[in-house]
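First comes the structure, then the notes that go with it.
Below, chain A is the first sequence line, B the second, and so on; all start at residue 1. Note that this is a predicted model, so its numbers are computed, not measured.
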Number of protein chains: 2
Amino acid sequence: MRARTTRQLEVIRTVIQAADRPLTVAELHAEAARELPGLGIATVYRAVRDMARDRMIVAVNYPGQPTRYEAALARHHAHFICHHCKRVFDVEGPEEVPLPRRRPKGFKFTGNEVVYYGSCADCARMGRGKR
Amino acid sequence: MRARTTRQLEVIRTVIQAADRPLTVAELHAEAARELPGLGIATVYRAVRDMARDRMIVAVNYPGQPTRYEAALARHHAHFICHHCKRVFDVEGPEEVPLPRRRPKGFKFTGNEVVYYGSCADCARMGRGKR
DNA sequence: TTTTTGTTGATAATGAAATATCAATACCCA
DNA sequence: TGGGTATTGATATTTCATTATCAACAAAAA
């Protein structure tokens with residue numbers, strides 16, 4: 001049972017590779033469906049499951065919302081969550097995040113992640129600047 | 001319909017105020033039930049909903065797991081997620097998190113949050129040090 | 001082409017968190 | 001202390017994300 005190269009997989013992969021931010025399955029489906037009307041949501045779920053298994057994409061989770069996925073790029077980056085539209089954007093990562101001065105003993109710190117909050121350009125423009 | 005001071009609310013509030021890490025409703029229920037056997041999970045959900053509404057506690061979300069809640073303390077702190085047991089711990093926040101050098105134009109950065117990853121003392125001790 | 005069989009799309013099913021329902025209970029004020 | 005009524009506990013229901021099912025379809029090989 002060798003894998004087949006289908007039009008839907010091609011489109012789904014292209015969309016997620018081209019995206020500049022992590023997408024939910026729904027967002028990915030909506031975008032891919034523009035190129036391929038009739039695309040089933042189940043197909044997107046299957047594609048995402050497989051790509052995640054193969055490490056082509058990585059899962060990203062944030063408050064209340066469904067899991068998002070983005071291409072597994074090597075470059076380090078952080079996320080920016082818009083308080084208003086709740087979309088998640090990729091932004092350049094911070095220079096460096098220092099470890100806490102005091103660390104609970106016995107704990108091993110192996111990595112960190114930074115999330116910035118604020119208003120995205122669209123929302124800020126609409127006067128929803130604060131919070 | 002004035003609010004009443006019930007034993008269950010007292011216990012639930014005490015537990016979450018005393019906790020040194022964000023708790024899921026299940027964790028909170030388990031802990032409170034030790035003091036008050038028979039405590040219903042629905043009561044915990046109701047208490048949490050109300051406390052969150054009144055800003056006594058804040059919601060904290062992380063990958064795959066249900067929403068966690070913790071006392072809304074003023075002091076700034078970060079979270080530490082153990083790769084193994086998945087528990088979330090409070091740790092002292094980093095000195096300072098610099099903004100990305102390049103920021104998408106129009107975006108307003110209003111805050112940030114840091115999450116550290118690694119092994120908690122318990123898991124590290126059990127030889128599950130790496131990852 | 002024809003055949004084989006992996007893949008798709010529609011949808012039912014599942015799983016889990018959170019909310020709604022309601023009779024029984026227990027606060028708390030008169 | 002008695003009773004009106006907010007709250008509780010058990011559980012049904014809802015809500016959604018995700019997975020399973022399966023007939024129809026379409027890659028890829030012959």
Along nucleotides 14-25 of chain C, 5' to 3', which nucleotides get a B, which get an S, and which get a -, given that the test is a protein heavy-atom distance under 4.0 Å?
---SBBBB----
From [atom1] of [X] over to [atom2] of [N], roughly how many Å is that when rounded to an integer?
X	N	atom1	atom2	result
A:Leu9	D:dA26	CG	P	15 Å
B:Leu36	C:dA26	CG	P	11 Å
A:Asp50	C:dT8	CG	C1'	13 Å
A:His29	C:dG9	NE2	P	8 Å
A:Leu28	D:dA17	CG	C1'	15 Å

Less than 4.5 Å apart, any side-chain heavy atom of B:Leu23 and any of B:Val15?
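Result yes, sub-4.5 Å side-chain heavy-atom pair found.
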Aromatic centroids of A:His83 and A:Tyr117 separated by under 6.0 Å
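Between A:His83 and A:Tyr117, which both carry aromatic rings, the centre distance is below 6.0 Å.
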Ring centroids only, cut at 6.0 angstrom: are A:Tyr116 and B:Phe109 within range, meaning strictly under it?
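Ring centroids of A:Tyr116 and B:Phe109 are less than 6.0 Å from each other.
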Give a yes or no answer on whether the side chain of B:His84 reaches the backbone of B:Ser119 with a donor-acceptor pair at less than 3.5 Å.
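Checked: no pair found.
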So does A:Arg103 get a backbone contact from the side chain of B:Glu92, meaning a donor-acceptor N/O pair under 3.5 Å?
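A pair under 3.5 Å: no.
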Close N or O pairs between protein and nucleotides 27-30 of chain C (under 3.5 Å):
unit_1	atom_1	unit_2	atom_2	d
C:dC27	O2	B:Arg4	NH1	3.1
C:dC27	O2	B:Arg4	NH2	3.3
C:dC28	OP1	B:Thr5	N	2.8

With sequence neighbours excluded, give me every salt bridge (charged side-chain N to carboxylate O under 4.0 Å, His left out) pair touching residues 23-48 of chain A.
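Sorted pair list: A:Arg7-A:Glu35, A:Arg21-A:Glu27, A:Glu27-A:Arg68, A:Glu31-A:Arg34.
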Regarding B:His77 and B:Glu70, do their side chains bring together a donor and an acceptor under 3.5 Å, going by distance alone?
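Yes, a side-chain donor-acceptor pair sits under 3.5 Å.
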Tell me whether the count of non-hydrogen atoms from other residues, nucleotides or ligands lying under 6.0 Å of CZ in B:Arg53 goes above 12.
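Yes - once you tally the heavy atoms of other residues, nucleotides and ligands closer than 6.0 Å, there are more than 12.
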